[in-house]
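The structure appears below as structure tokens.
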Amino acid sequence: MKEPQCKKQSRDANRYVEGWTVMRRLLGLVIGVALTSALMSGLSSGAALAVAGPCLGAPAADSTTYSETRQFVESQAWWMPDTDQANNSTTNTGHVHMGACIPERETISSGNLTVNVRVILHDNPGKANYVSMVFKTSDTETTVQKCYLRATAANFTCPGPSRTGKGDFVCTGTCERWLTFSRPISAFNHSGTQEVRFRAFVPEPAGKEMQTSFNGQVNIQNGKSLSDLSRHAFLRGKGWYTHALYCEASVRSVPIPDSPVSGIWTPVVGLTTHPDGSRPATHSFISIDPDFHAVPSNPGTVLWDAAGPYGPEPFGSAPISIDTRTLTNGVHKLHLRTSCRDNTLGSTNSGVVVIPFTVAN
């Protein structure tokens, strides 16, 4: 017996609806995969995923809500004698710190790259001059902005030089200034992984100069040709002093953590000799949450403190295991310091990099 025509039409209609539903789901999946592929193809290798919010580890003065993930990263330069070197006004000119909320490995696709930079002088007799922002690509290196350190200028501005053509910021004890840099990303001549460098210059007594600088990478999408920077493309903090040249510490694991870490965290770091004829690394120090401005100074939780480099030479790196279960939950700071003894000048140049990380066990 043939089934009634109305039942057959109803069943055919149901099959049609079911088939169309499956097709829509498959089409949605294909579109989703295509969009994801297109998105990921626009990100350079090692790019982080943007999450809006405040800067991780930022001092209270910088309460900016950023449109992408940022971390407050700091470099430091020290010119201080080793235990067997004479301690006097020539061999000990203290520290200069420079820190900023940087979009490390984040994607910036429009507008300006704007960065607030903090400079601290600690027991430093020098007269701070200026900080420069440098855009480095695979084939160019361009100073795109200079902000001078002025004694009377307002914080979070970019002052010009004084009448002498230089900065005039001096300090007794510990003092800080904030500068604001902002340049269009069109100033990069390529898209992809590019580098942003900040350099602070502090002339010291007796015709010497102290500098600190750090290099961090950002994923620039400005519509220009893709060319990733590949030379030493990791986070580097440097100290520089006349004659001694560079001494640096670096974080080779990129990107640095956006999300909390737990259990055993093992970043790869390098506290080794800078590769340009600078003095060799003679001491390396790794610690969590030190405070060397405290009286007495607080070395923090020391993970490594030994003569020589940390990592193989030349300019190598090695993992450092951190048991985060021994730390409280919340934000901490990893301090990496490489020291490079200068026997000619009778003191020791040190380069420091400090990064924040969040523990959640």
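Computed from a prediction, not measured in an experiment: that's the story for all the values here.
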Closer than 4.0 angstrom, basic N to acidic O: yes or no for [X] and [Y]?
| X | Y | answer |
| --- | --- | --- |
| Glu74 | Arg118 | yes |
| Glu209 | Arg199 | no |
| Arg231 | Glu195 | no |
| Asp84 | Arg341 | yes |

Take His190 and Asp139, measure what side chain to side chain donor-acceptor pair (under 3.5 Å) needs, and give me the verdict at the end.
-> CA-CA 9 Å; His190 294 295; Asp139 53 15; 3.0 Å; yes
Does the side chain of [Y] come within less than 4.5 Å of [X]'s, by heavy atoms?
| X | Y | result |
| --- | --- | --- |
| Thr114 | Thr180 | yes |
| Glu204 | Thr242 | no |
| Asn329 | Thr358 | no |

Any chance NZ of Lys166 has more than 12 other-residue heavy atoms, nucleotides or ligands included, within less than 6.0 Å?
-> no
Within a radius of less than 6.0 Å around NZ of Lys333, do more than 12 heavy atoms belonging to other residues, nucleotides or ligands occur?
-> no
Aromatic ring pairing His335/Phe285, orientation class (parallel under 30°, perpendicular over 60°, tilted between) = perpendicular
So Tyr310 and Trp304, would you call those rings parallel, tilted or perpendicular, with 30° and 60° as cut-offs?
-> perpendicular
From the list Ser109, Ser110, Ser191, side-chain hydrogen bond (donor to acceptor under 3.5 Å, both in side chains) with Asn222 holds only for Ser191
For the [atom1] atom of [X] and the [atom2] atom of [Y], what is their distance to the nearest 0.5 Å?
| X | Y | atom1 | atom2 | answer |
| --- | --- | --- | --- | --- |
| Asn87 | Asn92 | CG | CG | 4.5 Å |
| Leu56 | Ile355 | CG | CD1 | 9.5 Å |
| Ser250 | His274 | OG | NE2 | 11.0 Å |

What do the steps show when you test Asn215 against His232 for side chain to side chain donor-acceptor pair (under 3.5 Å), and what is the final call?
-> CA-CA 9 Å; Asn215 306 356; His232 305 325; over 6 Å; no
Keeping [X] on the side-chain end and [Y] on the backbone end, is there a donor-acceptor pair under 3.5 Å?
| X | Y | answer |
| --- | --- | --- |
| Thr91 | Ala86 | yes |
| Lys224 | Phe188 | yes |
| Ser297 | Ala294 | no |
| Asn155 | Arg177 | no |
| Asp62 | Cys101 | no |
| Trp79 | Trp240 | no |
| Thr137 | Asn189 | no |
| Ser75 | Thr212 | no |

List the steps, then state whether side chain to side chain donor-acceptor pair (under 3.5 Å) holds for Asp82 with Thr348.
-> CA-CA 6 Å; Asp82 207 342; Thr348 300; 4.7 Å; no
Begin with the C-alpha distance, continue with both residues' side-chain angles, and end with the deciding distance and a verdict on side-chain contact (heavy atoms from CB on, under 4.5 Å) for Ile264 and Arg325.
-> CA-CA 8 Å; Ile264 305 297; Arg325 295 166 297 188; 3.4 Å; yes
For ring pair (Phe, Tyr, Trp, His ring centres under 6.0 Å), just list the numbers for Trp265 and Phe357, CA-CA rounded to whole Å, side-chain angles, deciding distance to a tenth of an Å, and then say yes or no.
-> CA-CA 10 Å; Trp265 175 45; Phe357 64 98; 4.8 Å; yes
What pairs meet the ring pair (Phe, Tyr, Trp, His ring centres under 6.0 Å) rule with one or both residues in residues 53-72, with sequence neighbours excluded?
-> none
Side chains of Thr164 and Ser162: donor-acceptor distance under 3.5 Å anywhere?
-> yes
Decide side chain to side chain donor-acceptor pair (under 3.5 Å) for Glu248 and Thr338; before the verdict, give the C-alpha distance in whole Å, the side-chain angles of both, and the deciding distance to 0.1 Å.
-> CA-CA 6 Å; Glu248 79 165 77; Thr338 308; over 6 Å; no
Residues at least two apart in sequence or cross-chain that pass ring pair (Phe, Tyr, Trp, His ring centres under 6.0 Å) with His122, listed by chain then number, are His95, His293
Val359 vs His332, side-chain contact (heavy atoms from CB on, under 4.5 Å): CA-CA, chis, key distance, verdict = CA-CA 7 Å; Val359 170; His332 296 270; 3.8 Å; yes
